[in-house]
Amino acid sequence: MTHHEFTAVEMMTCTAARLFEDNKAYLIGFGMPQIAAVLAQQLYTPHIIWVYEYGTIAPQFPLPFEPLILGDSKSNYRAVSWKDMNHVFAQASQGFIDYGMLGALQIDPYGNINSSYVGGTYEQPDRRFAGAGGANGIASLCWRTIFVMMQEKRRFVPKLDFVTSPGYLDGSPEARETAGLPAQTGPYRVVTPLALFDFDAHTHRMRLIATTPTVKIEEVLAEMAFEPLLAATVEEMAPPTPDELTWLRERIDPDHIVIGKGKTIQI
Amino acid sequence: MPILQSGHGDFYVQDPDAVRTQRAGKERGLTNKLMTEQQAVSRFVADGDYLGCDLTYFIRGPNALIHEIIRQRRTNLWFCAKYCYAESILLLGGGCVSRIDAGFVAVGERVLTEAMRDGQVTLTEWTNDSLTLRLLGGAMGVPFLPTRTLLGTDTLEYSGAKVIEDPFTGKPICLVPALNPDVALIHAHQADIHGNARVLGASTAPLEQAMASKKVIVQTEEIIEIEEIRRHPSKTTIPYYFVDAVVHVPFGAYPGTCPGVYVADTPCITEAIRALDSREDMQCYLETYVYGAESFADMLEQRVGVKRLLQLKARERYREGYYDTP
């Protein structure tokens, strides 16, 4: 195993980890965002304030990380406070939470998220999913929302069957404020195994800004059912560093429950 | 005040004066409320009730009480699925539930889809935080609370929320109706026989859930004396007179974890997640862990065993913060 070989999900995790800012407060969703946050905390931004929706404030948990259970004693360990859900969402509503980081099943060009159902009708769905959970509140109230998600054509769609959690809504200027959402909030980045996107400041449309090493722009576009905007220069992301891979593989996710997914990339 | 938008989902609503009247009749005395889970469910959970839990099947869920409701074959319940991993689907599999307020129904999505398509269950769309806020409204005795969430989404359209113009700022604001469940099920670490309960660690909303609900059943790992409660009043999560029944069930959150006491039985949780993916497998799971035993303790003895339970307890290495460490 050399640092020249890595999985697409390892790349995604590193990309997400590199987006963290130190001494900022984060509401972090289940799964991939958690792994990225642990990596960031260990390597780059040791002072991020990590808040869980069920009330844990700034824990310092031991490794390895166990992604299956959210809310056990290990993931709550050495927090500065144990509160509850109304408290955490009050913090977000007050403007204390800088970033939300969420996984997502399906996204549209304006960063709206569907996690309720696909196909059929609300009452008679082809496939029902879990529903919003905490994602609607997180995407509504945090200053910036980052999505970490797998990229497939059926996940990046021009129109969602159901808008579970708000992005820039119809993309029009002030759409969020007009709806009553807190001002100057909204989606910030979308991280996938193939690429990194931001949102155009004026049109609020998703924009491709970087690709995973060896992945061509056409390959990114082939896994989207809509055309994103393209940055003037689409950068190639720096591959995972040996340090990042060692931490991920040996200490954070030694059973490769999360990071083992996605195609293997050699450079 | 003009209503700018109305969700058209059905929602459970109680007149705040009816809630007050019910509260006026509630026992204030320090009575002994200790009873078995069979007694608690048969006395306090009726067909058609609106039912809520604090936390969930995998983390400090009131699993002994959930199992007992399934065992007693309650029907037509309306379930509050906030932060919910498996119990709504287990109750569905047991034929107990006909309506779900969907904040988060994370396991058994195929079974849920089939049940919706068959008309066995109908959903109203909510979120973890809006359901928890509704409980706070119910706990405060007010008819609704405002939130800056749900706005702009289909979630709002399929919920019972409304949007009005805030009379103070003129901005659109979302209102969610207060929620006063008929029954709350709460797993506590410690409780006395009167209902004073300690829920240790981070949580969703045990106090709001207890205060908002008409009938409250607490299941507890441990019974402690009221003198111990009075020595450390800041540790009391729920004062006793909100509580109707106290059920002593050590390992009552099995197969989930009770943080600070025992870890989750991961193989059993994996088995549950797999079983909840199909109606047939779920019936086997219910047969093994619910119908095939007379009580939760009976199930633990027959299906899990002392050795395994002691292992789960020994593996809980992070007691710091929950219990005073020497």
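Side chains are part of it too, since the values below use all heavy atoms of this structure and drop only hydrogens, waters and symmetry mates. The chains referred to below are lettered A, B, ... by the order of the sequence lines, with proteins before strands, and numbering in each begins at 1.
- Between B/Arg148 and A/Glu177 there is no salt bridge, since no side-chain nitrogen of the basic residue lies less than 4.0 Å from a carboxylate oxygen of the acidic one.
- For A/Leu169, the part lying under 4.5 angstrom from a heavy atom of chain B is the side chain only.
- The shortest non-hydrogen separation linking A/Tyr54 to B/Ala202 is O-CB, 3.6 Å.
- Atom-to-atom distance recorded for B/Leu136:CG and A/Met85:CE is 13.0 Å, nearest 0.5 angstrom.
- The backbone N or O of A/Asn86 sits nowhere less than 3.5 Å from a side-chain atom of B/Thr132 that would complete a donor-acceptor pair.
- When the candidates A/Ala135, A/Gly167, A/Pro62 are compared by the number of heavy-atom contacts under 4.5 Å with chain B, A/Pro62 comes out ahead.
- For the set B/Thr113, B/Asp129, B/Thr149, the count of heavy-atom pairs under 4.5 angstrom toward chain A peaks at B/Asp129.
- In this structure, OH in A/Tyr117 is found 7.5 Å from CG in B/Asp154, a value given to the nearest 0.5 Å.
- The local environment of NE2 in B/His8 is crowded, with over 12 non-hydrogen atoms from other residues, nucleotides or ligands closer than 6.0 Å.
- In this structure, chain A has a heavy atom under 4.5 Å from the backbone of B/Thr124, while its side chain stays farther away.
- Put simply, of A/Gly180, A/Gly133, A/Gly55, A/Gly137, the one with the most heavy-atom pairs under 4.5 Å next to chain B is A/Gly133.
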Decide salt bridge (Lys or Arg N to Asp or Glu O under 4.0 Å) for A/Glu174 and B/Lys171; before the verdict, give the C-alpha distance in whole Å, the side-chain angles of both, and the deciding distance to 0.1 Å.
-> CA-CA 13 Å; A/Glu174 315 279 307; B/Lys171 293 180 178 181; over 6 Å; no
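- Crowding of B/Lys235 atom NZ: a count of heavy atoms from other residues, nucleotides or ligands under 6.0 Å exceeding 12.
- Proximity to chain B involves both the backbone and the side chain of A/Lys74, based on heavy atoms less than 4.5 angstrom apart.
- Annotation for A/Arg251: atom CZ counts as buried by contact number, over 12 foreign heavy atoms lying within 6.0 Å.
- The two atoms that bring B/Glu109 and A/Ala130 nearest to each other are OE2-N, 3.4 Å, heavy atoms only.
- A donor-acceptor contact shorter than 3.5 Å is absent between the side chain of B/Thr153 and the backbone of A/Ser165.
- Heavy atoms closer than 4.5 Å to chain A are found in both the backbone and the side chain of B/Leu123.
- Expressed to the nearest 0.5 Å, how far OG of A/Ser73 lies from CZ of B/Arg319 amounts to 10.0 Å.
- Using a 4.5 Å heavy-atom cutoff, the side chains of B/Phe104 and A/Phe30 are not in contact.
- Contact count versus chain B (heavy atoms, under 4.5 Å) is highest, among A/Ala79, A/Ser93, A/Ser116, for A/Ser116.
- Put simply, CZ on A/Phe89 and OG1 on B/Thr147 are 9.5 Å apart, with the number rounded to the nearest 0.5 Å.
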Please lay out, stage by stage, how B/Tyr158 and A/Phe162 fare under the test ring pair (Phe, Tyr, Trp, His ring centres under 6.0 Å).
-> CA-CA 10 Å; B/Tyr158 285 80; A/Phe162 192 92; 5.5 Å; yes
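- By number of non-hydrogen pairs under 4.5 angstrom with chain A, the leading residue of B/Ala205, B/Gly201, B/Gly256 is B/Gly201.
- The shortest non-hydrogen separation linking B/Pro172 to A/Ala179 is CB-O, 3.8 Å.
- The interface of residues 140-152 of chain A with chain B, defined by heavy-atom distances below 4.5 Å, comprises A/Ser140, A/Leu141.
- Counting heavy-atom pairs under 4.5 Å between each of B/Thr122, B/Leu4, B/Leu150 and chain A puts B/Leu150 at the top.
- With rounding to the nearest 0.5 Å, the separation of CG in A/Asn76 from CG in B/Leu200 is 12.0 Å.
- For chain B, the nearby parts of A/Tyr122 are the backbone and the side chain; heavy atoms of each come within less than 4.5 Å.
- The shortest side-chain heavy-atom distance between B/Glu208 and A/Asp84 falls under the 4.5 Å cut-off.
- Within the 4.5 Å cutoff, side-chain heavy atoms of A/Asp126 are placed close to those of B/Arg117.
- Neither the backbone nor the side chain of A/Ser115 comes within contact range of chain B, judged by heavy atoms closer than 4.5 Å.
- A distance of 12.5 Å separates CG in B/Leu156 from OG1 in A/Thr164, rounded to the nearest 0.5 Å.
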Evaluate the criterion side-chain contact (heavy atoms from CB on, under 4.5 Å) for residue pair A/Glu53 and B/Asn128; output intermediate values, then yes/no.
-> CA-CA 9 Å; A/Glu53 65 178 282; B/Asn128 287 345; 2.9 Å; yes
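- For B/Gln5, no part lies under 4.5 angstrom from a heavy atom of chain A.
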Step by step, work out the side-chain contact (heavy atoms from CB on, under 4.5 Å) result for B/Met116 and A/Arg128.
-> CA-CA 9 Å; B/Met116 289 178 78; A/Arg128 172 72 209 189; 3.8 Å; yes
